[in-house]
Amino acid sequence: SQQGEEDPQALSIQEGENATMNCSYKTSINNLQWYRQNSGRGLVHLILIRSNEREKHSGRLRVTLDTSKKSSSLLITASRAADTASYFCATDARSSGAGSYQLTFGKGTKLSVIP
Amino acid sequence: DAGITQSPRHKVTETGTPVTLRCHQTENHRYMYWYRQDPGHGLRLIHYSYGVKDTDKGEVSDGYSVSRSKTEDFLLTLESATSSQTSVYFCAISERTGANQPQHFGDGTRLSIL
């Protein structure tokens, strides 16, 4: 079952503008992660935010987490054409096997940055 | 980039044939995962491994089997491929389990079953 759901499904902006993507989830989490996927490539881990954190920064990325609303947002500031990609949130869930955790991914937001 | 190689990168086969996809890592990570990615569904976990010869099912495991005889290799087998298994398959690895562990992905295998 899909835990995280990104919004919007697609986003098109001009280079230099900020891009904001949202993720909503259904059950309690320990952490939430954001990944990027360039066309034809695998996912790349961007940033992780713990459930007791409200905001985290990494370069031009800013992630917020509101556990009361079960939502997170990813902000990319001063976007570049190279930021064109799909962005996914992933939430964790403890599995029954050997105490391991599984990640559940949303369907992604497709970001297009126009030069 | 994490040392993850998926092979083949592309494959076209016919319904009913067996298919094996390979994931090879050079990071000596304990955990390995197989996902499929389909439009409208995002990534879904098929099987994962938490050590040599230790595997478990994911969300969409029906029709798939896996094996891990060495730390570095994780094989995904479709015993009798069906058209519904046409997808892009991704392998991922992580060093440890735990809610705060990122996963590192290969570049995928695009599988078409006619």
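- No donor-acceptor pair closer than 3.5 Å links the side chain of B:Tyr33 to the backbone N or O of A:Gln102.
- Counting non-hydrogen atoms of neighbouring residues, nucleotides and ligands closer than 6.0 angstrom, the NZ atom of B:Lys57 reaches no more than 12 such neighbours.
- Minimum interatomic distance between B:Gln103 and A:His45 (heavy atoms only, all atoms of both residues): O-CB, 4.2 Å.
- Judged as a salt bridge (Lys or Arg N to Asp or Glu O under 4.0 Å), and not counting sequence neighbours, the contacts of A:Arg62 are A:Glu55.
- Judged purely by atom type and a 3.5 angstrom limit, A:Lys107 uses its side chain to pair as donor or acceptor with the backbone of B:Gly40.
- Looking at A:Gln37, the atoms closer than 4.5 Å to chain B (heavy atoms on both sides) all sit in the side chain, from C-beta outward.
- Rounding to the nearest 0.5 Å places OH of B:Tyr35 at 4.5 Å from CZ of A:Phe105.
- A 6.0 Å sphere centred on CZ of A:Arg50 holds no more than 12 heavy atoms belonging to other residues, nucleotides or ligands.
- Summarising the geometry, atom CD belonging to B:Gln101 is positioned 11.0 Å from atom CG belonging to A:Asp92; distances are rounded to the nearest 0.5 Å.
- For A:Ala81, the side chain to side chain contact (heavy atoms under 4.5 Å, CB included) partners are A:Glu15, A:Pro115, not counting sequence neighbours.
- A:Val113 and A:Leu46 fall within the same hydrophobic cluster, where Ile, Leu, Val, Met, Phe, Trp and Tyr residues are linked whenever their side-chain heavy atoms come under 4.5 Å apart, directly or through other members.
- Of residues 80-90 of chain B, those residues lying under 4.5 Å from chain A by any heavy-atom pair are B:Phe90.
- For residues 79-90 of chain B, the set of pairs meeting the salt bridge (Lys or Arg N to Asp or Glu O under 4.0 Å) definition, not counting sequence neighbours, is empty.
- Looking at B:Gln6, there are no atoms closer than 4.5 Å to chain A (heavy atoms on both sides), in backbone or side chain.
- In the hydrophobic clustering of ILVMFWY residues, with side-chain heavy atoms under 4.5 Å counting as a link, A:Leu75 and A:Tyr35 come out apart.
- B:Leu75 and B:Tyr50 fall into different hydrophobic clusters, where Ile, Leu, Val, Met, Phe, Trp and Tyr side chains are chained together by heavy-atom contacts under 4.5 Å.
- Contact detail for B:Gln37 and A:Phe88: the closest heavy-atom pair is NE2-CZ, 3.5 Å.
- Looking at B:Arg9, the atoms closer than 4.5 Å to chain A (heavy atoms on both sides) all sit in the side chain, from C-beta outward.
- The number of heavy-atom neighbours closer than 6.0 Å to CZ of A:Arg80, taken from other residues, nucleotides and ligands shown, is 12 or below.
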